[in-house]
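Reading through the structure tokens given below for one structure.
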Amino acid sequence: MKLVYGVQDKPKAGQIVVFAFQQLLAILAATIAVPSIVGNGMSQSAALFGAGVGTIVYLLFTKFRSPVFLGSSFAFLGSMFAAFAGAASTAAGYAGLIIGAIFAGLVYVVIAIVVKIAGVKWVGKLMPAVVIGPTVSIIGLSLAGNAVGDALNSSKNLVDGAFVMGANGWACFICALVTLCTVIICSVFGKKMAKLIPFIIGILAGYAVAAIFTLTGKESLQIIDFSVFKDMTIFAVPDFSFLQAAKGIKEIDAAYIAMIAVAYVPVAFVVFAEHIADHKNLSSIIDQELLEDPGLHRTLLGDGVGSMVGSIFGGCPNTTYGESVGCVAITGNASVVTIIATAIMAIVISFFGPFVTFLSTIPGCVMGGVCITLYGFIAVSGLKMIQDVDLGDNRNLFVVATILICGIGGMTLKIGQVTLTEIACALILGIVVNLVTNIGKKDAAAK
């Protein structure tokens with residue numbers, strides 16, 4: 001695709017602030033969702049701060065050549081629950097979160113050393129376009145249900161899998177539709193800045209409609225909870241994880257550390273596969289092979305060390321965000337300066353109550369409207385990777401078919417404390433099918 005701003009381009013100062021805010025909106029919901037889901041008093045502001053710091057660490061390791069934001073990783077939710085469940089106290093659980101993130105980060109460091117020594121050609125042979133392309137699509141398609149569920153303020157019926165609207169479902173759907181249409185109109189027909197900030201304009205339009213519905217006072221139209229503004233403080237230091245961990249570090253023993261290692265290390269290997277898929281996707285968007293320059297060893301080090309540092313503040317291991325990649329794809333803005341500004345903005349606003357509170361009141365249905373486009377672009381970008389693959393060859397056809405069906409079907413496997421996500425399962429099976437169907441064929445990986 002044609003980029004408006006390349007990786008090393010620097011937009012004007014005023015534009016950078018606006019672009020950074022747009023990136024922040026794109027990654028916000030998922031970043032603060034992880035601490036909310038885990039509970040135990042985890043701070044959303046601290047997670048936002050940790051994500052900002054982790055992203056800066058990542059950018060430093062990648063020599064400011066990879067324009068993507070790192071946010072809280074959902075893959076480690078089970079590991080984080082285990083850290084608290086196995087701890088002698090909540091404070092000890094916070095220490096477990098940091099220790100776990102260090103274990104996960106060290107896995108990335110070890111793999112980075114191996115890659116530095118052995119090179120990255122094996123990655124291309126093990127995971128060629130016919131494997132990576134549909135896997136990237138699964139990353140977007142696997143999130144489709146989240147986007148639709150948010151747009152309708154609904155949950156899936158366990159019996160038939162159909163979405164069941166909430167009491168304000170129709171009002172939420174209208175807000176999501178307004179947001180979606182605004183984003184599309186700005187992206188397709190917008191001029192200059194409007195074309196570069198479709199998400200900001202879309203979210204503001206959806207928020208305005210949601211506010212109007214809420215202010216009518218009708219119960220079926222209540223979408224935004226404005227009451228949260230009453231108890232907010234203007235300035236507050238986030239409740240950083242290391243402050244809590246310091247209180248419980250004395251309660252940590254060898255058995256607990258071993259349990260944390262078992263909970264975190266295997267998941268890190270699963271996320272490694274997703275790390276490669278995300279970077280291959282981003283490479284196709286910016287037309288630069290990131291696994292070669294700055295190199296997979298650098299992206300792994302940035303991700304791993306960034307997770308360690310970020311968890312010290314927010315408790316959550318970080319990972320590259322598909323929402324951030326999607327934002328780059330839709331806006332055509334790959335400027336790494338924008339990502340730097342986003343990271344700094346995340347750090348700064350984590351201290352300011354009014355801003356964090358406002359961001360937290362953005363309705364899920366509005367973000368659902370945005371995510372329909374974000375996740376859709378991820379899915380489509382993966383399909384574009386296989387446009388030159390010969391699907392008339394059954395070898396390739398079976399690989400793509402296996403990955404898509406297993407991924408869309410939601411195949412997950414639980415092995416002990418480790419859960420292989422649908423993305424991991426689809427990727428692993430795709431690799432196996434590709435290797436098996438190409439036995440005896442020379443240079444099969446390049447096909």
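If you read the sequence from its start, that first residue is 1, and numbering goes on from there. Just so it is clear, the model here is predicted, and its values are computed rather than measured. In what follows, every heavy atom counts, from backbone to side chain, and hydrogens, waters and symmetry copies are set aside.
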### Query
Are a donor atom and an acceptor atom from the side chains of N434 and N438 found within less than 3.5 Å of each other?
yes
#### Entry: Note, L300 side chain near F61 side chain (heavy atom, < 4.5 Å)
no
### Pairwise side-chain contact, M80 with P35, heavy-atom cut-off 4.5 Å (strictly under)
no
### Query
What distance separates L177 CG from C172 SG, expressed to the nearest 0.5 Å?
12.5 Å
### Query
Do the side chain of S335 and the main chain of G6 share a donor and acceptor less than 3.5 angstrom apart?
no
#### Entry: Backbone N/O of G105 and side chain of Y264: donor-acceptor pair under 3.5 Å
no
### side-chain contact (heavy atoms from CB on, under 4.5 Å) between R298 and S66, intermediate numbers included
CA-CA 10 Å; R298 286 187 172 275; S66 181; over 6 Å; no
### Query
Got a donor-acceptor contact below 3.5 angstrom from the S311 side chain to the A101 backbone?
no
### Task
If a pair satisfies salt bridge (Lys or Arg N to Asp or Glu O under 4.0 Å) and one of its residues is in residues 303-319, list it, with sequence neighbours excluded.
none
### Message
Using a 3.5 Å distance criterion without hydrogens, assess whether the side chain of D150 forms a donor-acceptor pair with backbone atoms of C365.
### Response
no
### Query
Atom CD1 of I349 and atom CZ of F49: how far apart are they, to the nearest 0.5 Å?
12.0 Å
### Message
Quick check: closest heavy atoms across L180 and I372, and the distance to 0.1 Å?
### Response
CD1-CG2, 4.1 Å
### Query
Under the salt bridge (Lys or Arg N to Asp or Glu O under 4.0 Å) rule, what pairs show up with a residue in residues 50-79, not counting sequence neighbours?
R65-D293
### Message
Assess the residue pair F84 and Y94 against the criterion (ring-ring contact (aromatic ring centres under 6.0 Å, His included)); give the C-alpha distance rounded to whole Å, side-chain angles, the decisive distance to 0.1 Å, and a yes or no.
### Response
CA-CA 7 Å; F84 280 113; Y94 276 93; 5.3 Å; yes
### Query
Within a strict 4.5 Å, meaning less than it, do heavy atoms of the L48 and L24 side chains meet?
yes
### Query
What distance do F64 atom CZ and I56 atom CD1 have between them, rounded to the nearest 0.5 Å?
8.5 Å
### Message
Can you confirm whether V120 sits close enough to V115 that some side-chain heavy atom of one is under 4.5 Å from a side-chain heavy atom of the other?
### Response
yes
### Query
Do S43 and D239 have side-chain atoms, one donor and one acceptor, less than 3.5 Å apart?
no
### Aromatic contact, Y321 with F69 (centres under 6.0 Å)
no
### Closest contact, heavy atoms only, A82 versus M259
O-CE, 3.5 Å
### Message
Let's go through S142 and Y375 carefully: what are the C-alpha distance in whole Å and the side-chain angles of both, what is the deciding distance for side chain to side chain donor-acceptor pair (under 3.5 Å) to 0.1 Å, and is it a yes or a no?
### Response
CA-CA 9 Å; S142 66; Y375 301 156; over 6 Å; no
### Test item: Q288 side-chain N/O and L282 main-chain N/O as donor-acceptor pair under 3.5 Å
no
### Query
Is any side-chain heavy atom of I339 closer than 4.5 Å to a side-chain heavy atom of V68?
no
### Message
Under 6.0 Å between ring centres: does that hold for F240 and F313?
### Response
yes
#### Entry: Pair Q23, S324: side-chain N/O donor-acceptor within cut-off below 3.5 Å
yes
### Message
Do T299 and Y58 pair up side chain to side chain, a donor and an acceptor below 3.5 Å, judged on atom types alone?
### Response
no
### Message
Is any side-chain heavy atom of V18 closer than 4.5 Å to one of Q22?
### Response
no
### Message
I'd like to know if the side chain of S72 reaches the main chain of N318, judged simply by a donor and an acceptor atom lying under 3.5 Å from each other, with no hydrogens or angles considered.
### Response
no
### Query
For the side chain of T179 and the backbone of G369, is there at least one donor-acceptor N/O pair under 3.5 Å apart?
no
### Query
Considering only heavy atoms from C-beta outward, does the side chain of I223 approach that of C175 to under 4.5 Å?
yes
### Task
Report the C-alpha separation of E422 and C406 in whole Å, then their side-chain angles, then the decisive distance to 0.1 Å, and conclude whether the side-chain contact (heavy atoms from CB on, under 4.5 Å) test is met.
CA-CA 7 Å; E422 58 264 49; C406 291; over 6 Å; no
### Query
Distance-only, no hydrogens or angles: does the S241 side chain make a donor-acceptor pair with backbone N or O of G315 under 3.5 Å?
yes
### Spatial distance of atom CD1 (I27) from atom OG1 (T320) [nearest 0.5 Å]
13.0 Å
### Message
Could you measure the distance from the CD1 atom of I132 to the NE2 atom of H279? Nearest 0.5 Å is fine.
### Response
12.0 Å
### Query
Is there a donor-acceptor contact under 3.5 Å from the side chain of K195 to the main chain of S187?
yes
## Note on the structure
For G202 and T182 the tightest heavy-atom approach is CA-CG2, 3.7 Å
### Task
Compare every heavy atom of S307 with every heavy atom of P317, then report the nearest pair and how far apart it is.
C-OG, 3.9 Å
#### Entry: Heavy-atom closest pair, residues F377 and A329
CD2-CB, 4.0 Å
### Query
Shortest non-hydrogen contact from G206 to V178?
N-CG1, 4.3 Å
### Query
Quick one: does H275's side chain get under 4.5 Å of T319's, heavy atoms only?
no
### Task
Quick one: sort the W170 and F173 rings into parallel, tilted or perpendicular, breaks at 30° and 60°.
perpendicular
### Message
I'd like to know whether CZ of F398 has more than 12 heavy-atom contacts from other residues, nucleotides or ligands below 6.0 angstrom.
### Response
no
### Task
Take I378 and S137, measure what side-chain contact (heavy atoms from CB on, under 4.5 Å) needs, and give me the verdict at the end.
CA-CA 6 Å; I378 296 171; S137 289; over 6 Å; no
### Query
When you measure from the side chain of N40 to the backbone N and O of V38, does any donor-acceptor pair fall under 3.5 Å?
yes
### Message
Rounded to the nearest 0.5 Å, what separates atom CE in M127 from atom CG in L291?
### Response
8.5 Å
### Query
Looking just at side-chain N and O atoms, do N281 and S381 make a donor-acceptor pair shorter than 3.5 Å?
yes
### Trace of the side-chain contact (heavy atoms from CB on, under 4.5 Å) decision for N333 with V4
CA-CA 6 Å; N333 176 18; V4 179; 5.7 Å; no
